[in-house]
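Naming: A, B, ... by sequence-line order, numbering from 1 per chain.
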Amino acid sequence: MSQDKTPPPPLPDNAPTPRPNFIREMVADDVASGRFGRSVCTRFPPSPTASLHIGHSKSLVLNFGLARDFGGRINLRFDDTNPFTEDIKYVNAIKDDIRWLGFEWDAEFYASDYFERLYEIALHLIRGGKAYVDSQDEEAIRAGRGTVTTPGTNSPDRDRSVEENLALLARMKAGEFPDGAHVLRARIDMAHPNMIMRDPLLLRIRHAPHYRRGNAWCLYPLYDFAHGLSDAIEGITHSLCTLEFKDNRDIYEWLVREAGFETPPEQTEFARLQIDYTVLSKRKLLRLVTEGHVAGWDDPRMPTIAGLRRRGVTPEAIKQFADDVGVARSDARTELAKFEHAVRDDLNMRVPRVLCVVKPLKLVVTNYPEELVEELEAPYYPHDVPKEGTRLLPFCREIWIDRDDFMEDPPKKFFRLAPGREVRLRYGYLVTATDVIKDASGEVVELHCTYDPATKGGNTPDGRKVQGTIHWVSARHAIACEVRLYDRLFSIPDPDAVDEGKDFLSALNPDSQVVVPNAYVERSTAGDAPGSAYQFERTGYFKHDVDASATAGKPVYNRTVSLRDSWEKAKGKG
RNA sequence: UGGCCCUUCGUCCAAUGGCAGGACAGCAGACUUUGGAUCUGCGAAUGGUGGUUCGAAUCCACCAGGGCCAACCA
């Protein structure tokens with residue numbers, strides 16, 4: 001036992017201390033005991049069949065964090081084993097997403113580069129009587145597998161001679177058979193209590209163009225055959241995957257042992273990330289895209305890395321969230337609030353404040369000179385954010401305020417504008433509502449106020465307290481813009497928990513995207529670059545959409561996340 | 001008539017046989033030119049029953065609840 005002799009390497013000075021978890025502890029133990037006789041090597045093994053989502057960021061943070069903190073390496077390996085579903089566009093998108101998150105892999109590999117090696121291993125298994133070619137059709141193979149409570153039955157081809165198996169496999173590889181004519185199976189136990197071990201399929205024939213192999217190769221490994229052996233070939237020490245692969249660990253270990261690897265990698269499972277009001281499964285996300293329920297993989301409502309990026313979520317927020325959630329073995333579902341907290345917490349310190357009126361109501365300052373325009377200086381950051389910078393806000397007789405900031409008949413605790421009430425216009429003046437103008441249907445269309453000239457900048461020289469401060473923009477100077485208000489994609493916490501006969505799509509939230517085509521943002525944002533991020537004061541965090549098909553050339557701002565709103569909460573209580 | 005895994009505040013994660021702790025959420029207050037942020041305080045949990053032990057969230061047994069496995073998907 002050499003437990004005490006080699007302490008784990010110290011963490012880099014400026015790295016935040018990652019939360020402890022059982023995997024980190026295990027790796028530390030393995031490093032201390034020198035178990036693998038080599039440095040830590042992890043891997044991130046996406047299959048290029050879909051874009052990455054925030055669930056992957058949990059795995060990314062874990063795997064990259066381990067490699068970094070224990071002085072090891074990490075491979076990016078595309079587990080590309082199925083020409084029917086894979087696409088080079090996903091390879092590129094996945095690499096972009098990982099880089100955007102701020103991770104750099106040490107080496108890039110493709111399972112499809114191991115096909116020849118896997119073929120050699122298949123030969124080795126056949127020679128040892130550990131694999132055979134099965135010529136049953138798909139249905140027969142399935143029927144022969146039995147069920148969870150009844151053992152399977154042996155294939156009639158199970159006892160083919162080594163020679164016959166070898167010859168058949170060679171012809172399979174040579175392309176002599178159509179898809180599905182034969183498969184290679186491991187020869188284990190058709191009555192095994194773990195169904196995965198009932199002679200699992202290893203290779204199948206697929207005559208389809210592959211984005212890396214072209215048409216030259218037609219023998220494609222299944223996940224179980226490719227994954228563990230790819231790990232072993234690359235010298236991975238710790239192979240981390242999600243809980244649903246627990247049963248696959250038996251075949252993982254069986255194959256790596258039969259193939260003769262000296263210090264095989266160890267598979268360890270942890271619970272996948274689940275978040276309320278969304279789905280995090282490739283297949284479901286793919287359906288949302290292909291069936292047009294969202295605009296694409298980067299739709300800002302999607303929990304994909306691309307969607308979150310466009311929504312305005314930063315890599316730092318995503319990584320902080322992944323760390324906050326922790327790593328454990330219990331199947332868990334995280335509240336959306338935890339994610340939103342990470343997003344706000346990051347953006348709060350990062351982005352400038354700006355004023356934007358989302359639901360405009362005209363306010364006329366009746367005692368303000370018709371032609372006068374004053375330029376009022378306003379800081380970009382509040383006192384508690386250590387950043388500098390100011391801009392000028394033009395103030396004039398006509399301004400826009402938010403409809404929600406006026407109530408004709410307000411409840412007691414409503415601190416905003418109402419007939420006869422005084423509020424502060426942020427960085428502007430104190431104004432008092434005098435008249436409410438309505439149209440024929442009784443809707444409020446305009447508000448008349450008077451202002452107090454002594455309160456320029458929002459100051460109260462007489463020291464009087466004003467409960468409410470509202471945002472506003474000059475009607476003569478503001479920039480018309482489109483604002484897109486995003487909300488949870490699904491209306492129930494677990495979109496899979498729907499009635500019999502329905503699927504998760506029936507739980508889609510019809511109001512997940514509300515487009516407001518006629519908002520007004522302050523002049524200072526004129527010409528800002530797509531990608532610019534702000535806090536629209538009192539409203540939320542927004543990001544100038546990068547590739548919007550803007551309505552009438554207006555800039556489009558995506559709401560990343562709303563501000564916490566204690567007024568909304570107070571209202572609900574009556 | 002199976003196998004495997006899981007179960008600690010509302011939620012997520014710690015506590016590695018020795019004072020059940022943190023984060024988010026919640027509540028109350030302070031502060032505030034964002035009903036934001038910040039600060040202070042409060043409430044809040046070991047699924048059940050037995051057993052082992054001086055001592056059990058932790059070990060054992062049984063029960064209950066939840067999850068995964070019967071794709072030529074990953």
Side-chain angles (χ1 to χ4, degrees), chain A residues 19-22 25 45-47 49-50 79 81-82 84-85 134 137-138 141-143 145-152 179-180 182-185 191-198 201-206 220 222-224 226-227 241-250 269 271 276 282-283 321 323-342 344-345 348-349 353 355 378-379 382-385 413-416 424-428 430 455 457-460 466-471 535-540 562-571:
Chain A
R19 249 135 89 67
N21 60 60
F22 75 100
E25 205 167 307
S47 62
T49 55
D79 265 359
T81 58
N82 190 347
F84 291 173
T85 54
D134 194 340
D137 63 23
E138 201 171 331
I141 290 176
R142 191 175 320 155
R145 194 144 33 216
T147 71
V148 289
T149 52
T150 59
D179 290 7
H182 310 279
V183 292
L184 183 75
R185 301 179 74 175
H192 202 288
N194 178 358
M195 295 210 51
I196 301 273
M197 296 297 272
R198 321 243 262 226
L201 272 62
L202 268 23
L203 290 169
R204 77 304 213 177
I205 298 168
R206 265 180 78 118
Y220 286 88
L222 278 99
Y223 167 83
D224 285 316
H227 189 80
C241 63
T242 45
L243 253 25
E244 67 270 24
F245 291 97
K246 173 62 178 67
D247 288 348
N248 301 65
R249 192 157 97 200
D250 283 348
E269 310 82 20
D276 282 352
K282 275 194 299 202
R283 282 162 196 75
F321 171 67
D323 198 52
D324 285 349
V325 160
V327 178
R329 265 193 163 107
S330 53
D331 196 36
R333 176 171 283 274
T334 299
E335 288 178 340
L336 197 55
K338 196 162 196 130
F339 175 65
E340 295 189 337
H341 171 79
R344 293 189 188 108
D345 198 44
N348 177 42
M349 300 301 282
R353 273 60 171 175
L355 304 183
H383 59 90
D384 49 0
V385 174
K413 290 262 182 75
F414 186 79
F415 301 151
R416 312 173 192 179
R424 172 185 293 112
L425 298 174
R426 181 79 157 152
Y427 302 126
L430 268 54
T455 59
N459 299 305
T460 51
V466 186
Q467 275 278 32
T469 298
I470 65 173
H471 57 283
Q535 183 197 102
F536 289 168
E537 290 208 38
R538 302 211 311 131
T539 303
S562 62
L563 251 32
R564 286 185 72 204
D565 189 347
S566 50
W567 165 241
E568 274 301 317
K569 263 182 290 190
K571 263 200 314 191

Atom pair CD/CG of A:E269 and A:D247 - distance to nearest 0.5 Å: 9.0 Å

Base of B:G36, side chain of A:D384 - is there a donor-acceptor contact under 3.5 Å? yes

Separation of B:C12 atom P from A:R19 atom CZ, nearest Å, is 12 Å

Between P of B:G26 and CD of A:E340, the distance in whole Å: 11 Å

For B:C13, does either OP1 or OP2 sit under 4.0 Å from a side-chain N or O belonging to A:S330? yes

Which residues share a salt bridge (Lys or Arg N to Asp or Glu O under 4.0 Å) with A:E335, sequence neighbours left out: none

Between A:E138 (CD) and B:A70 (C1'), how many Å, whole number? 13 Å

Could you check whether A:F84 gets within reach of a base, just the sugar-phosphate, or nothing at all, counting any heavy atom under 4.0 Å? nothing

For the pair made of CD in A:Q467 and P in B:U34, what is the distance, rounded to whole Å? 11 Å

Only counting residues at least two apart or in another chain, list the ones meeting salt bridge (Lys or Arg N to Asp or Glu O under 4.0 Å) with A:R416. A:D405

For A:D224, the option from A:T81, A:L202, A:N248 that meets side-chain contact (heavy atoms from CB on, under 4.5 Å): A:N248

Where does B:A71 land, syn or anti, once you apply the within-90°-of-0 test for syn? syn

Taking the nucleotide of RNA chain B with the closest heavy atom to each, which residue, A:R424 or A:T81, is nearer the 5' end? A:R424

Just jot down the side-chain contact (heavy atoms from CB on, under 4.5 Å) partners of A:A378, sequence neighbours excluded, or say none. A:R391, A:L393, A:Y427

Pairwise P distance for B:A14 and B:U8, with rounding to whole Å: 11 Å

For A:D276, answer base if it contacts any base atom (sugar-phosphate contacts may also be present), sugar-phosphate if it contacts only those atoms, and nothing otherwise; contact means non-hydrogen atoms under 4.0 Å. nothing

Counting only side-chain N and O atoms of A:R142, is one of them less than 4.0 Å from OP1 or OP2 of B:A71? yes

Taking atom P in both B:G21 and B:A28, compute the distance separating them and give it to the nearest angstrom. 25 Å

For the residue pair A:F321 and A:F339, does the interplanar ring angle fall in the parallel (under 30°), tilted (30 to 60°) or perpendicular (over 60°) class? perpendicular

Respond yes when some side-chain nitrogen or oxygen of A:K569 is under 4.0 Å from OP1 or OP2 of B:G26, and no when none is. yes

Using a heavy-atom cut-off of 4.0 Å across all strands, would you classify A:Y220 as base, sugar-phosphate, or nothing? nothing

Salt bridge (Lys or Arg N to Asp or Glu O under 4.0 Å) filter on A:R344, not counting sequence neighbours, yields A:E340

For B:G36, does the base pair up with any side-chain atom of A:R344 as donor and acceptor (N or O, under 3.5 Å, distance only)? no

B:G35 phosphate, OP1 or OP2, under 4.0 Å from A:R564 side-chain N/O: no

Quantified in whole Å, what is the C1' atom distance between nucleotide B:U58 and nucleotide B:U53? 13 Å

A:H341 side-chain proximity, nearest of B:A70, B:C12, B:A25: B:A25

Rounded at 0.5 Å granularity, tell me how far CG in A:N348 sits from CG in A:D384. 6.5 Å

Measuring only the C1' atom in each nucleotide, how far is B:C24 from B:G43? A whole number of Å is fine. 16 Å

Would A:Y223 count as stacked on B:A74 if the rule is ring centres under 5.5 Å and plane angle under 30°? no

When you match A:A328 and A:T469 each to their closest nucleotide on RNA chain B, which lands nearer the 5' end? A:A328

How far, in whole Å, is B:G26 from B:A37 if one measures between their P atoms? 10 Å

Phosphate OP1/OP2 of B:A70: any A:T149 side-chain N/O under 4.0 Å: no

Just to be sure I understand: a Watson-Crick pair is purine N1 to pyrimidine N3 plus N6-O4 or O6-N4, both under 3.5 Å. Using that and G-U wobbles, which stems of three or more pairs involve RNA chain B? B:2-7 with B:64-69, B:10-13 with B:21-24, B:26-30 with B:38-42, B:47-51 with B:59-63

Taking atom P in both B:G55 and B:G18, compute the distance separating them and give it to the nearest angstrom. 14 Å

Ignoring hydrogens and angles, does a donor from either the side chain of A:D247 or the base of B:G3 sit under 3.5 Å from an acceptor on the other? yes

Rounded to whole angstroms, how far apart are CZ on A:R426 and P on B:A37? 14 Å

How would you label the contact of A:T147 with the nucleic acid (heavy atoms, under 4.0 Å): base, sugar-phosphate, or nothing? base

State which residues pass ring-ring contact (aromatic ring centres under 6.0 Å, His included) with A:H182; sequence neighbours excluded, sorted by chain then number. A:F177

Reckon A:H471 has a side-chain N or O less than 4.0 Å from the OP1 or OP2 of B:U34? no

Is there a donor and acceptor pair closer than 3.5 Å between the side chain of A:K282 and the base of B:A74? no

Could you tell me whether the side chain of A:E537 has a donor or acceptor atom within less than 3.5 Å of a complementary atom in the base of B:G36? no

State the OG1-CZ distance between A:T460 and A:R424, to the nearest 0.5 angstrom. 6.0 Å

Please report the distance separating the P of B:C4 from the corresponding atom of B:A20, rounded so that it comes out in whole Å. 34 Å

Using the C1' atom in both, what is the distance from B:A25 to B:C60, to the nearest Å? 37 Å

